[in-house]
Number of protein chains: 2
Amino acid sequence: MEWLSEQQQAAWRPFVALLLRLPTALDAQLQKDAGITQFDYLVLSGLSEAPGRTLRMSELAATANSSLSRLSHVVSRLEARGWVRREQGPGDGRGINAVLTDAGLDKVRQTAPGHVEAVRELLVSTLSDEEFAQLGAIAKKVLAAQGIKVIIPNGPC
Amino acid sequence: MEWLSEQQQAAWRPFVALLLRLPTALDAQLQKDAGITQFDYLVLSGLSEAPGRTLRMSELAATANSSLSRLSHVVSRLEARGWVRREQGPGDGRGINAVLTDAGLDKVRQTAPGHVEAVRELLVSTLSDEEFAQLGAIAKKVLAAQGIKVIIPNGPC
DNA sequence: AGAACAAAGTTGATGCTTCAACTATATGTC
DNA sequence: GACATATAGTTGAAGCATCAACTTTGTTCT
């Protein structure tokens, strides 16, 4: 059983700090400006980028990196706010589609600029292009080691 | 107002995925093996490394990267479990010290190996030394841009 | 076709986090 | 010295995440 070396600690600690602080900061911005969480935003924007603004719950969970249970609760809340609607999916009788409503699309469009700006301010602008690319490559590698493939839709953020 | 470029998205998405998945995975390990959260662990181990196993609430909050409110709740729970005790601090009449009890120290010692192993497995082992160092440097830089200095005590993890 | 098992989703309970409001002590200012 | 303001910390309420249990539908094997 080995502890972390001093060099490893010197990398690990700041990373843990980032893991705690960045989501808090991003959530605070979204909560304040739009009354939603980052996870809500991920779900809404994930749907907004999907063909027909529609995704099966399990696929949406994959793009949002969440459990199905978490997603189900969140979709219920988003549904109650009129931004998402559930539909029985075709084919597989178990499949449920989450569909982004027009109001939901509006919400994403209103929310995106502020959120993108926060991401820029808090993260992107503080790093060189090369560093940011390194960060992405490292994240990808770590996830790949756990068999996770990141889904990259083509949207604002 | 600018969106993220395609290269930036290609870095941002995996990073978001990591931000969501890694804490979940670490929390799951600690919850399963020790019945505590990662944040609990951070508080306990932070105290275990402090002189006299004692830190003022506000200092502890800084080392654990948390709000005072969150810390206060957590310390109350840890106190109820017999791992931490509150003491009136000397000097400043407002200062409260959190002190790690013997039982608390035992808990950290029992918990640390499994947690360190999880960190190794999930993160450290998947990266080269250089990559891991890069990750640390990047995290440090991002935090520094927000005026946050990371406190690095000398403990297992 | 029937039994066993797996996959998709939901639900309710429990515990954690956040926010705003509050108390108490310290510090600065006139 | 009194007043205003800032800092340290706590608390309760509301919202969110997680886990286990459950239902329903699909798949596999014989």
Side-chain angles (χ1 to χ4, degrees), chain A residues 19-44 54-81 84-99, chain B residues 19-44 54-81 84-99:
Chain A
L19 237 41
L20 284 162
R21 300 241 186 207
L22 193 57
T24 303
L26 292 174
D27 263 326
Q29 181 269 321
L30 279 171
Q31 198 66 57
K32 179 171 156 295
D33 296 349
I36 62 175
T37 66
Q38 202 206 349
F39 188 75
D40 291 338
Y41 180 83
L42 242 87
V43 169
L44 293 174
T54 299
L55 277 175
R56 217 181 141 150
M57 291 294 280
S58 45
E59 293 169 23
L60 185 51
T63 73
N65 296 285
S66 97
S67 69
L68 213 37
S69 168
R70 181 181 187 182
L71 179 65
S72 182
H73 284 293
V74 168
V75 165
S76 297
R77 277 174 237 143
L78 297 177
E79 207 172 13
R81 301 226 244 170
V84 172
R85 154 169 53 84
R86 274 183 239 242
E87 268 177 12
Q88 178 70 20
D92 192 325
R94 297 166 300 181
I96 303 282
N97 283 342
V99 185
Chain B
L19 237 40
L20 284 162
R21 299 241 186 209
L22 192 57
T24 303
L26 292 175
D27 263 328
Q29 180 270 321
L30 279 170
Q31 200 64 58
K32 179 169 157 295
D33 296 349
I36 62 176
T37 66
Q38 202 206 349
F39 188 75
D40 292 338
Y41 181 81
L42 243 86
V43 169
L44 293 173
T54 300
L55 276 175
R56 221 183 136 147
M57 292 294 281
S58 46
E59 293 170 24
L60 185 51
T63 73
N65 297 286
S66 97
S67 69
L68 213 37
S69 168
R70 180 180 187 182
L71 179 64
S72 182
H73 284 295
V74 168
V75 165
S76 296
R77 278 173 236 140
L78 297 176
E79 207 173 11
R81 302 225 245 169
V84 172
R85 156 168 52 84
R86 274 184 240 241
E87 269 177 13
Q88 177 71 18
D92 193 325
R94 298 164 300 181
I96 301 283
N97 283 342
V99 185

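Lettering follows sequence order; numbering is per chain, from 1. Please read all numbers here as calculations on a predicted model, not as lab measurements.
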Expressed in angstrom and rounded to an integer, what is the separation of Ile36(A) atom CD1 from dT18(C) atom P?
17 Å

Below 4.0 angstrom, N of the basic side chain to O of the carboxylate: do Arg86(A) and Glu79(A) qualify?
yes

Reckon Ser69(A) has a side-chain N or O less than 4.0 Å from the OP1 or OP2 of dG9(C)?
no

Is it the case that the side chains of Arg21(B) and Asn65(A) hold a donor-acceptor pair, with the cut-off being a distance below 3.5 Å and no angle test?
yes

Any donor-acceptor pair under 3.5 Å linking the side-chain atoms of Gln29(B) with those of Asp33(B)?
yes

Between dT10(D), dA8(D), dC16(C), which nucleotide has the shortest distance from any of its atoms to the side chain of Ser58(B)?
dA8(D)

How long is the gap from CG on Asp40(A) to CG on Leu78(A), to the nearest 0.5 Å?
5.0 Å

Side-chain contact check for Phe39(B): nearest option of dA8(D), dT18(D), dT17(C) is dT17(C)

What nucleotide, of dG26(D), dC19(D), dG9(D), holds the atom closest to the side chain of Asp92(A)?
dG26(D)

Once you round it to whole Å, what is the distance between P of dA8(C) and CG of Leu55(A)?
14 Å

Starting at the 5' end of DNA chain C, which residue's closest nucleotide do you reach first, Thr37(B) or Asp27(A)?
Thr37(B)

First of Leu68(B) and Gly91(A) reached from the 5' end of DNA chain D, by closest nucleotide
Leu68(B)

Side chain of His73(A) only, heavy atoms from C-beta on: which candidate in dA13(C), dG9(D), dG9(C) is closest?
dA13(C)

Spacing of Arg70(B) atom CZ relative to dA17(D) atom P, expressed in whole Å
13 Å

Earlier contact from the 5' end, DNA chain C, for Gln31(A) and Gly35(B):
Gly35(B)

Less than 4.0 angstrom between a side-chain N/O of Arg86(A) and OP1 or OP2 of dT10(C), yes or no?
yes

Quick check: do Thr37(B) and Val74(B) have side-chain heavy atoms less than 4.5 Å from each other?
no

In whole angstrom, what separates Leu30(B)'s CG from dT18(D)'s P?
14 Å

Does a side-chain N or O from Arg94(B) land closer than 4.0 Å to OP1 or OP2 of dA24(C), or not?
no

d(NZ, Lys32(A); P, dA20(C)) in whole Å:
11 Å

Taking atom C1' of dT10(C) as reference, at what distance in whole Å does atom CD of Glu79(A) sit?
12 Å

Can a side chain N or O of Arg77(A) be found less than 4.0 Å away from OP1 or OP2 on dG15(D)?
no

What's the CD-P distance between Glu87(B) and dT10(D), to the nearest Å?
13 Å

Please determine if a side-chain N or O atom of Arg81(A) lies less than 4.0 Å away from the OP1 or OP2 oxygen of dG15(D).
no

Nearest-angstrom distance from the residue atom CG of Leu60(B) to C1' of dG9(D):
13 Å

